There are 2 protein chains.
Amino acid sequence: MAAIRTVRSFNRAVTQRIGLFTDRFLDRDRPLAEARLIFEIGSDGVDVRELRARLDLDSGYLSRLLRSLERQGLVEVVPLAQDRRIRRVRLTPGGDRERQELDRRSDEFARILLDPLAEDERRRILDAMREVERLLSLSAAVIEWPDPTSADGRWCVEQYCSELAERFEMGFDLGRSISADVEELRPPRGAFLVARLDGRPIGCGALKTAGPQVGSIKRMWVARSARGFGLGRRILAALEMRATDLGFSRVCLETNRFLGEAQKLYRRNGFTEVAAFNDDPYADHWFEKTLRQK
Amino acid sequence: MAAIRTVRSFNRAVTQRIGLFTDRFLDRDRPLAEARLIFEIGSDGVDVRELRARLDLDSGYLSRLLRSLERQGLVEVVPLAQDRRIRRVRLTPGGDRERQELDRRSDEFARILLDPLAEDERRRILDAMREVERLLSLSAAVIEWPDPTSADGRWCVEQYCSELAERFEMGFDLGRSISADVEELRPPRGAFLVARLDGRPIGCGALKTAGPQVGSIKRMWVARSARGFGLGRRILAALEMRATDLGFSRVCLETNRFLGEAQKLYRRNGFTEVAAFNDDPYADHWFEKTLRQK
DNA sequence: CTAGACCTCGGACTAAAGTCAGAGGATGGC
DNA sequence: GCCATCCTCTGACTTTAGTCCGAGGTCTAG
């Protein structure tokens, strides 16, 4: 219960102090929603649809906000060449100046916050902020079980492959590795998960049948941007739980010598190294773990 | 600059994730402002004037919000017996049920946040949250130089005295201690500061003339609720800076053997213990520090 | 007893935020 | 080529949030 009190107190303190800032510093005689929009469009521009998803705005509302910014000469909205239903927003030079001004103010707030602190206090608050942010992200990550053929699922597997190709001395060709066809990754024979953060896929993992009551873990991947947060552990734990549900009493996996962090992850989470149980050309280490029954 | 990026990224992440919560979890088919009000009134009730100060609301606006809650049967507003200009708001039983419901939701959010984390991650995020909260408070504390006779100034000094009375074996009587009259604590002979957090006084400190070019630090006090944040350091630093401005080249102070943390604070901030330079009946240790000229 | 200060209240607004429904152009699959 | 679907836009609203200001009750110092 002390934990809950800590979280509540933190929420309160932070929303008060930082929320106040958002109001004051982003306020340039312009509705907050518009200022946030300028910020969110950024110097590169975005598709309207993505903007809507990111900020979770009503399409009519967003459209009207964009019209207003357009009237002020801050943005321009043009249809995308490939698909003229989609429109892309871009800041005009004037809009970008505005964005830079907002940026400057945001920096100024950070300076005001750090300024009264002594050197070591500053170091400590920065460390703690990074820690909170990291773990909040981890906590906010959502695990879903889409079909392995879904767009995001395929995207994750592609990322997984291209990363392995890059890291393995011998390159990587999914076809040569021990199979894990789409069919094998669907219940009841297996499962496939995608982890998302704010809607964006940031990791995946899969489970297939390796033998009677034995599951095999495949396709464990975490986006570079989400590494070091503990997401690997969450994915692994979710797969193990799912494995239990699917009736496996044991899971195994193989991994490559170039993936040191992965081996550490498995060991830390109760996997023990065993003798080779297959001849996957990319495998150097084999692990297994007996699942606790529910 | 990495520091500024860290702060900005933290602000963004936290306002997004926690701000979202505020909207969703406090939303009970009721304007947010009303929900916040119910929360802020709490189970004990508050004076309308304090509510206004705490939430920084326009008096008309607040009044209208209270009328609305009254119509819903959630609060009652009654004039205070001692001063019938001031009115006190109290939750009705129905209002308190509502408050408990909001409380429950707030707890639930905390649980949702902690739930996906492993034991050690949970411990780490809680530690980091406490750290951020503490240091944000420290950073948000504001140092002011009111007249020593101001209401808040006198209040702080009273707190200071009653705490010393409680902690000293021999009790404490301000009159017997080396004097520091109001006159002595005003420029150009001295100075008096109050530290505030969100408007509430949480500490004080004073400076008087002890000899040619020598200042004496008096009345250093930090509210119990604000201890361990580093506020003592900020007050001390502010007094030293002011001492330089007033033309002192050296500051000294005396302290009592029962105030261990205070001695540590002085030593940590460049004060060195010296032989007794006065006969204050409550002093056991004497310190001084040569100020760096600007 | 009175003037001035304090506190709260209600009226009259304005601006911002957000919702809903439907129009209409663009695209892709058949 | 046709139809369902996707994406964006506009118009017509409602609800919240917030500001300004003067009225009027209550208290305190002189």
Side-chain angles (χ1 to χ4, degrees), chain A residues 15-16 19-20 22-24 26-41 45-72 75-90 151 199, chain B residues 15 19-20 22-24 26-41 45-72 74-90 149-151 199:
Chain A
T15 46
Q16 213 181 43
L20 214 124
T22 310
D23 295 3
R24 248 192 235 155
L26 290 192
D27 195 10
R28 289 262 293 159
D29 307 315
R30 180 190 318 292
L32 222 103
E34 288 185 16
R36 259 202 299 261
L37 218 50
I38 292 175
F39 228 93
E40 209 64 39
I41 293 167
V46 263
D47 296 350
V48 171
R49 59 196 306 268
E50 188 182 339
L51 212 46
R52 203 172 48 236
R54 277 224 293 261
L55 298 176
D56 190 34
L57 294 176
D58 173 84
S59 66
Y61 185 25
L62 174 57
S63 177
R64 216 159 314 102
L65 286 171
L66 288 174
R67 274 321 74 65
S68 163
L69 289 176
E70 234 170 14
R71 268 197 307 278
Q72 295 168 59
V75 307
E76 48 186 8
V77 183
V78 291
L80 214 60
Q82 307 95 290
D83 183 342
R84 298 174 48 77
R85 287 172 303 184
I86 299 174
R87 311 193 66 189
R88 195 170 180 79
V89 202
R90 216 177 262 298
Chain B
T15 47
L20 214 125
T22 310
D23 295 2
R24 248 192 234 158
L26 290 192
D27 195 10
R28 290 262 295 155
D29 306 316
R30 182 189 316 294
L32 222 101
E34 289 186 15
R36 259 202 300 260
L37 219 50
I38 292 175
F39 226 93
E40 209 64 41
I41 292 167
V46 263
D47 297 349
V48 171
R49 58 196 305 270
E50 189 182 338
L51 212 46
R52 203 174 46 238
R54 276 223 295 261
L55 298 175
D56 190 34
L57 294 176
D58 172 84
S59 66
Y61 185 25
L62 174 56
S63 177
R64 216 160 312 103
L65 286 171
L66 288 174
R67 277 319 73 68
S68 163
L69 290 176
E70 233 170 14
R71 267 197 307 278
Q72 295 169 59
L74 300 175
V75 306
E76 48 186 10
V77 182
V78 291
L80 214 60
Q82 308 93 291
D83 184 341
R84 299 175 49 75
R85 286 172 303 184
I86 299 174
R87 311 193 68 189
R88 194 169 181 79
V89 202
R90 216 177 262 299
T149 59
S150 67

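Because the structure is predicted, anything quoted here is derived from the model rather than measured. Here is the naming used below: chain letters follow the sequence lines, and residue numbers restart at 1 for every chain. Reckoned from all heavy atoms, side chains included, excluding hydrogens, waters and symmetry mates.
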Taking the side chain as every heavy atom from C-beta outward, state whether V48(A) and I86(A) have any pair of such atoms under 4.5 Å apart. no
Looking at R52(A), I'd like to know whether one of its side-chain N or O atoms comes within less than 4.0 Å of OP1 or OP2 on dC7(D). no
Reckon R87(A) has a side-chain N or O less than 4.0 Å from the OP1 or OP2 of dC9(D)? yes
Identify the pairs formed between an N or O of the protein and an N or O of nucleotides 14-22 of chain C at a distance under 3.5 Å, and give each distance.
| residue | atom | partner | partner atom | Å |
| --- | --- | --- | --- | --- |
| dT19(C) | O4 | R64(A) | NH2 | 3.4 |

Is R49(A) close enough to dC7(D) that one of its side-chain N or O atoms is under 4.0 Å from OP1 or OP2 there? yes
From CG of L37(B) over to P of dG18(D), roughly how many Å is that when rounded to an integer? 12 Å
Residues R36(A), E40(A): salt bridge by 4.0 Å N-O rule: no
Per-nucleotide protein contact string for nucleotides 24-30 of chain C (B base, S sugar-phosphate only, - none; heavy atom under 4.0 Å): -BBS---
Expressed as a whole number of angstroms, how long is the span from L51(B):CG to dT8(C):C1'? 13 Å
Candidates V77(A), V89(A), L65(A) - the one meeting side-chain contact (heavy atoms from CB on, under 4.5 Å) with E70(A): V77(A)
Does any non-hydrogen side-chain atom of L37(B) lie less than 4.5 Å from one of L62(B)? yes
side-chain hydrogen bond (donor to acceptor under 3.5 Å, both in side chains) involving S63(A) - partner list, sequence neighbours excluded: R67(A)
Starting from P on dA17(D), measure out to CG on L62(B) and report it in whole angstrom. 13 Å
Hey, are the side chains of I41(A) and R90(A) touching, using non-hydrogen atoms and a 4.5 Å cut-off? no
Tell me, do R54(A) and V46(A) make a side-chain contact under 4.5 Å, heavy atoms counted? yes
For the pair D47(A) and R49(A), find out whether any cationic side-chain nitrogen is under 4.0 Å from an anionic carboxylate oxygen. no
Figure out the CZ/P separation between R67(B) and dG11(C), and round it to whole Å. 11 Å
